[in-house]
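A quick write-up on the structure given underneath.
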Amino acid sequence: MLIATSNRGKLREFAALLGPGFVLEDLAAHPEVTLPAEGSDYAANAAAKARAAALASGRPALADDSGIEVAALGGEPGPRSARYGGEGLDDAGRVLRLLDDLRARGAHASRAARFVCCAALALPSGELHSARGECAGRILDAPRGARGFGYDPVFAPEGDPRSLAELSEAEKNRISHRARALAALAPALAALRRPGA
Ligand code: ITT
């Protein structure tokens, strides 16, 4: 199965979540695959990425479109999370931009937020399976922790004082939006397991 993402953080999490039962390939092994430009709908974006990868490679392909939604920012950045603040920013720059934008809403603005993940599994036959997962929590005052990727350093999941970047990979993978979406895809993924795995 091809993991259709150019995001190394996602790739690592997909590999850990799927476990040893699958033979995984990444985009480095498939230069014929070009991921499409994204719009503003998670499910449509995830389906487009998985479909493009499955069609070009001839392999089953798993993709996700994900993002962080901040209540006080009207749900922004949402599906635009990877591009928030413009193309010139890296993960750390986007995190600081998010904190600045939230600070500009005032000291009493809600810190409520959630991560959303729509995962899509496309088969070369055209068959498509998709599922959505969410992880609720809040935005911290400042980045904390060095694990994970993206907005993990400023997001604390519900019921935990730590940021996702302070959790071990195994702890994040028990509660994350990506873990929940993949759990819902388990029946479709089961057919792609290695024999005997
Ligand atoms: P691909 O399209 O190649 O998969 P991408 O990074 O562009 O990579 P998205 O368009 O789905 O992927 O953008 C998702 C962004 O949302 C991602 O770049 C992060 O900034 C953020 N994000 C998603 N899941 C996250 C997570 O588990 N932890 C932290 N940030 C996350």
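Indexing begins at 1, ligand by ligand and atom by atom, following the structure's order.
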Discussion item. Taking distance alone, with N or O pairs closer than 3.5 Å, would you say Asp152 contacts ligand 1?
Written reply: yes
Worksheet item: Under 3.5 Å, N or O to N or O, is Asp65 touching ligand 1 that way?
Response: yes
Worksheet item: Hey, is Arg162 close enough to Glu171 for a salt bridge, meaning N to O under 4.0 Å?
Response: yes
Discussion item. For atom 23 (C) of ligand 1, what's the nearest protein heavy-atom neighbour? Residue, atom name and distance, please.
Written reply: Ser66 OG, 3.2 Å
Response to the item:
For atom 31 (C) of ligand 1, the closest protein heavy atom turns out to be Phe115 CE2, 3.5 Å
Item to complete: Not counting sequence neighbours, which residues clear side chain to side chain donor-acceptor pair (under 3.5 Å) with His30? List them please.
Response: Glu25, Glu32
Practice prompt. Check Arg94 against ligand 1 and report side chain, backbone, both or neither, counting heavy atoms closer than 4.0 Å.
Written response: neither
Discussion item. With heavy-atom distances below 4.0 Å as the criterion, list the atoms of ligand 1 near His177.
Written reply: 24 (N), 25 (C), 26 (C), 27 (O)
Worksheet item: What's the shortest distance from atom 12 (O) of ligand 1 to any protein heavy atom, and which residue and atom give it?
Response: Lys10 NZ, 2.9 Å
Worksheet, complete the sentence: Taking only non-hydrogen atoms of Glu38 and a 4.0 Å limit, the atoms of ligand 1 in range are 2 (O), 10 (O)
Discussion item. One residue to check: Leu35. Relative to ligand 1, which of side chain, backbone, both or neither has a non-hydrogen atom less than 4.0 Å away?
Written reply: side chain
Worksheet item: Quick one: nearest non-hydrogen protein atom to atom 1 (P) of ligand 1, plus distance?
Response: Thr5 OG1, 3.5 Å
Practice prompt. Just jot down the ligand 1 atoms closer than 4.0 angstrom to any heavy atom of Gly150, in number order.
Written response: 29 (C), 30 (N)
Discussion item. Regarding Glu13 and Lys172, does a basic nitrogen lie under 4.0 Å from an acidic carboxylate oxygen?
Written reply: yes
Worksheet item: Do Glu166 side-chain atoms and Ser163 backbone N/O form a donor-acceptor pair below 3.5 Å?
Response: yes
Worksheet item: Is any NZ, NE, NH1 or NH2 atom of the basic residue among Arg94 and Asp90 found under 4.0 Å from an Asp or Glu carboxylate oxygen of the other?
Response: no
Worksheet item: What's the shortest distance from atom 18 (O) of ligand 1 to any protein heavy atom, and which residue and atom give it?
Response: Ala82 CB, 3.5 Å
Worksheet item: In the protein, what heavy atom is nearest to atom 8 (O) of ligand 1, and what distance, to one decimal place, separates them?
Response: Asn7 CB, 3.5 Å
Worksheet entry | Heavy-atom nearest option to atom 16 (O) of ligand 1, drawn from Ser81, Gly9, Ser6 | Ser81
Discussion item. For ligand 1 and Arg83, I'd like to know whether there is a polar contact (N/O to N/O, distance under 3.5 Å).
Written reply: no
Fill in: Arg8 atom CZ: more than 12 heavy-atom contacts under 6.0 Å
no
